[in-house]
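Note sheet for the following structure.
The structure presented is a predicted model; accordingly, all values stated were derived computationally and were not measured. Side chains are part of it too, since the values below use all heavy atoms of this structure and drop only hydrogens, waters and symmetry mates. Residue numbering restarts at 1 for every chain, and letters A, B, ... go by the order of the sequence lines.
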Amino acid sequence: MLDPKNLFQNLERARTKLAQRRSNVDLGQFEQLYQKRLDAIRTFEENRALQNRLSQDFKKVARDPEAGPRMREELKVLSDRIRELEKEAAAAEAAINEFLLFVPNLPHDSVPVGESEADNVVVRVVGEPKKLDFEAKPHWEVGQRVGVLDLETAAKVSGARFALYRGYGVYLELGLARFMLDVARESGYEPILPPYMVLRESMMGTGQLPKFEEEAFKTDDLYLIPTAEVPVTNMHRDEILDGERLPIRYVAYSSCFRREAGAAGRDTRGITRVHQFQKVELVKFATPETSYDELEKLVGNAEEVLKRLELPYRVSALSTGDIGFSAAKCYDIEVWLPGQNTYREISSCSNFEDFQARRAGIRYRPAGDPKGKPRFVHTLNGSGLAIGRTIVALLENGQQADGSVVLPEALVPYVGVRVLEPR
RNA sequence: GGAGAGAUGGCCGAGUGGACUAAGGCGCUUGACUCGAAAUCAAGUGACCCGGUGACGGGUCCGGGGGUUCGAAUCCCUCUCUCUCCGCCA
């Protein structure tokens, strides 16, 4: 959520920024609501102050048979009026919050201005896209052949867009999770295994709701998490953190559940886009002064996994037209997939600045200043990495002419074998 | 699922209608004492909103929401969560 006061004072700048990200939000409406709120609060407070004073006076004459009842009548009129004014002020406040929940974050000045993902800027390419001396197959064929993926059975059990791992596929999945957790912990992240179901409040806090209701799976009153970002960021909801503790780093393993609404026809084959997948997620809470440095480090932490897995990849800065609702800046890491002859997103790392912190009420008291005002933290997160897509990359990059798959050295202790043999 | 108890500032904890403008303690900050420290003493220590360049002034907040009242931390209704006991379960 944007800061209402700040927004009110910088409407033109916000209009420009929102236009860059192709938002059709009408800030004129906000301006009106905000002005209305100011007026309502002022009137209410003036009357309340008066009431507080008169109430004290009333105590002195309450028992007077003449003045007592008369003043009580007067105060009752004032009391009724104040009740109305209070409702008005509260309604104005609520209207503003309601409105702001649908306003996306403003892109940071360093974000490339553009219309769409075509305007994303590649900032570095690491490793050579692998050239195979035979015809590369897509992961669903490779995985089926070595017996780690069974998509027909997945469809039989759960319908379209599900993955079923079997045999070494299970060890690959769990081994990668453990591997990624270990890599992150080396860099100071505390491992977390969060609940997979969260309150509506938590989904609001990180910005999935209310705007993207149709993307989420839900039970009676709980939502299945679309990413561990939701439970982990909300761990500190409505808290004032000690500035000494920042940056706080968590690495979480969880399943993720997504409807993939609007993705009909895209990535229908394989496990690139499924309703349930596992992911290791990096989450940080940082001060505003350091959050952009922390973003670079976080991207580096995610890249470290790919480097150790010997997978070629590139990093792109998303343009204003492609950036997510809550993000101020976002990098995508895309891994090379020879079987599909393309780079494919495997991680998305964002700085949300105080957008989520404001929604979720996550503040900190600046270090070394016990009397300092609490300030909103900056929240960041990024995949480190999406496990299903990592398996896709390992299968496609490691495939051999004979149908086997050679895994990177670093994974051997985690999976138990170096080569997956065709069945 | 049944029965009971509870939710107050960073923490502990008092508070059953008007001086609560939330006691007291812990913690923290500053000062005094000290060569320095500890101990001791003294003062200060919440969040948010509105107005003001500022000093400051005003308002709201005692788990959430609603109600009674001239006036609510305090009385009533309701919801949520926590704890204890019983039942059930991995």
Side-chain angles (χ1 to χ4, degrees), chain A residues 1-9 30-101 193-205 209 218-223 231 234-246 248 255 285 354 357-377:
Chain A
M1 192 160 83
L2 300 178
D3 175 8
K5 192 193 286 186
N6 188 20
L7 180 59
F8 187 69
Q9 288 162 357
F30 165 79
E31 195 175 2
Q32 278 190 333
L33 287 171
Y34 195 85
Q35 190 57 54
K36 196 172 153 194
R37 168 179 170 277
L38 286 183
D39 297 341
I41 286 177
R42 204 166 308 158
T43 321
F44 163 72
E45 289 187 354
E46 281 166 10
N47 281 276
R48 176 69 93 185
L50 178 65
Q51 182 189 37
N52 286 343
R53 259 178 281 130
L54 293 181
S55 256
Q56 293 303 312
D57 295 344
F58 174 72
K59 278 192 296 180
K60 295 171 201 150
V61 298
R63 296 187 187 286
D64 186 309
E66 273 289 308
R70 194 176 348 118
M71 190 158 181
R72 188 192 301 271
E73 275 312 304
E74 285 169 20
L75 281 174
K76 187 161 176 56
V77 174
L78 181 61
S79 171
D80 288 343
R81 174 164 158 71
I82 285 171
R83 210 181 301 264
E84 289 311 310
L85 290 170
E86 188 170 23
K87 277 182 188 147
E88 248 174 65
E93 182 92 43
I96 286 171
N97 287 332
E98 177 69 17
F99 182 87
L100 286 179
L101 283 176
L193 205 153
Y196 295 179
M197 291 192 260
V198 294
L199 298 170
R200 186 176 171 81
E201 276 170 279
S202 295
M203 292 285 276
M204 297 278 270
L209 294 181
K218 67 174 298 199
T219 64
D220 293 349
D221 45 12
L222 294 174
Y223 289 81
N234 279 282
M235 282 167 63
H236 295 298
R237 176 149 41 84
D238 294 324
E239 289 184 12
I240 299 177
L241 303 167
D242 180 356
E244 304 282 354
R245 290 177 60 200
L246 299 177
I248 295 173
S255 293
F285 301 81
D354 63 7
R358 196 176 296 280
R359 285 175 164 240
I362 309 169
R363 293 175 291 172
Y364 75 101
R365 202 176 300 279
D369 186 7
K371 289 181 184 170
K373 283 266 169 202
R375 303 164 69 196
F376 286 106
V377 297

Contacts under 3.5 Å, N or O only, protein and nucleotides 56-59 of chain B:
unit_1, atom_1, unit_2, atom_2, d
G58(B), N2, E45(A), OE1, 2.8
G58(B), N2, E45(A), OE2, 3.2
G59(B), OP1, N52(A), ND2, 3.2

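- Note on F376(A): nothing from the nucleic acid sits closer than 4.0 angstrom, heavy atoms only.
- Salt bridge annotation for D221(A)-R200(A): absent, with no cationic side-chain nitrogen under 4.0 angstrom from a carboxylate oxygen.
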Taking only nitrogen or oxygen atoms into account, show me every contact under 3.5 Å that the protein makes with nucleotides 52-54 of chain B, one pair per line with its distance.
none

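- Nucleotides U45(B) and G58(B), compared at atom C1', are 22 Å apart to the nearest Å.
- For M71(A) and G71(B), the CE to P distance is 12 Å, given to the nearest whole Å.
- Shown for residues 74-93 of chain A: residues whose heavy atoms fall under 4.0 angstrom of RNA chain B, namely L75(A), K76(A), S79(A), R83(A).
- For R42(A), no side-chain nitrogen or oxygen approaches OP1 or OP2 of C49(B) to under 4.0 Å.
- Rounded to whole angstrom, the span from the CG atom of D238(A) across to the P atom of G64(B) amounts to 11 Å.
- A distance of about 43 Å separates the P atoms of G46(B) and G1(B), rounded to the whole Å.
- One can place CG of L54(A) at 12 Å from P of G71(B), the figure rounded to the nearest angstrom.
- Taking the C1' atom of each, G9(B) and C26(B) are spaced 13 Å apart, rounded to whole Å.
- With hydrogens and angles ignored, the 3.5 Å screen pairs a side-chain donor or acceptor of N234(A) with a backbone N or O of S202(A).
- Between Y364(A) and A47(B), a side-chain N or O to OP1/OP2 separation shorter than 4.0 Å is absent.
- Across C62(B) and A72(B), the matching P atoms stand 11 Å from one another, rounded to whole Å.
- Contact check, R363(A) against A47(B): no side-chain N or O comes under 4.0 Å of OP1 or OP2.
- Distance noted for atom P between C77(B) and A5(B): 14 Å (whole Å).
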Checklist entry - Please walk me through it: do K36(A) and E88(A) pass salt bridge (charged side-chain N to carboxylate O under 4.0 Å, His left out)? => result CA-CA 9 Å; K36(A) 196 172 153 194; E88(A) 248 174 65; over 6 Å; no
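- Residues F30(A) and F8(A) have side chains in contact (heavy-atom distance under 4.5 Å, counting atoms from C-beta outward).
- Partners of R375(A) under the salt bridge (charged side-chain N to carboxylate O under 4.0 Å, His left out) rule, at least two apart in sequence or in another chain, are E289(A).
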Next on the checklist: For a quick check, with a 4.0 angstrom heavy-atom cut-off, what is the B/S/- contact string for nucleotides 6-12 of chain B, read 5' to 3'?
Outcome noted: -------
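- Other residues, nucleotides and ligands place more than 12 heavy atoms under 6.0 Å from the CE atom of M235(A).
- Between R363(A) and E239(A), no side-chain nitrogen of the basic residue sits less than 4.0 Å from a carboxylate oxygen of the acidic one, so the salt-bridge criterion is not met.
- The separation of G15(B) from A32(B), taken at their C1' atoms, amounts to 35 Å, rounded to a whole angstrom.
- For RNA chain B, the stems formed by at least three consecutive Watson-Crick or G-U pairs, with both atom-pair distances below 3.5 Å, span B:1-7 with B:80-86, B:10-12 with B:24-26, B:27-32 with B:40-45, B:46-51 with B:56-61, B:63-67 with B:75-79.
- The same atom, C1', is picked in U74(B) and in A38(B); the two are 43 Å apart, to the nearest Å.
- Rounded to the nearest Å, the gap between the C1' atom of G17(B) and that of G71(B) is 8 Å.
- More than 12 heavy atoms of other residues, nucleotides or ligands shown are found within 6.0 angstrom of CD on Q9(A).
- Rounded to whole Å, atom P of G63(B) lies 16 Å from atom CD of E201(A).
- Nearest-nucleotide assignment on RNA chain B puts the 5′-proximal partner with K5(A), out of Q51(A) and K5(A).
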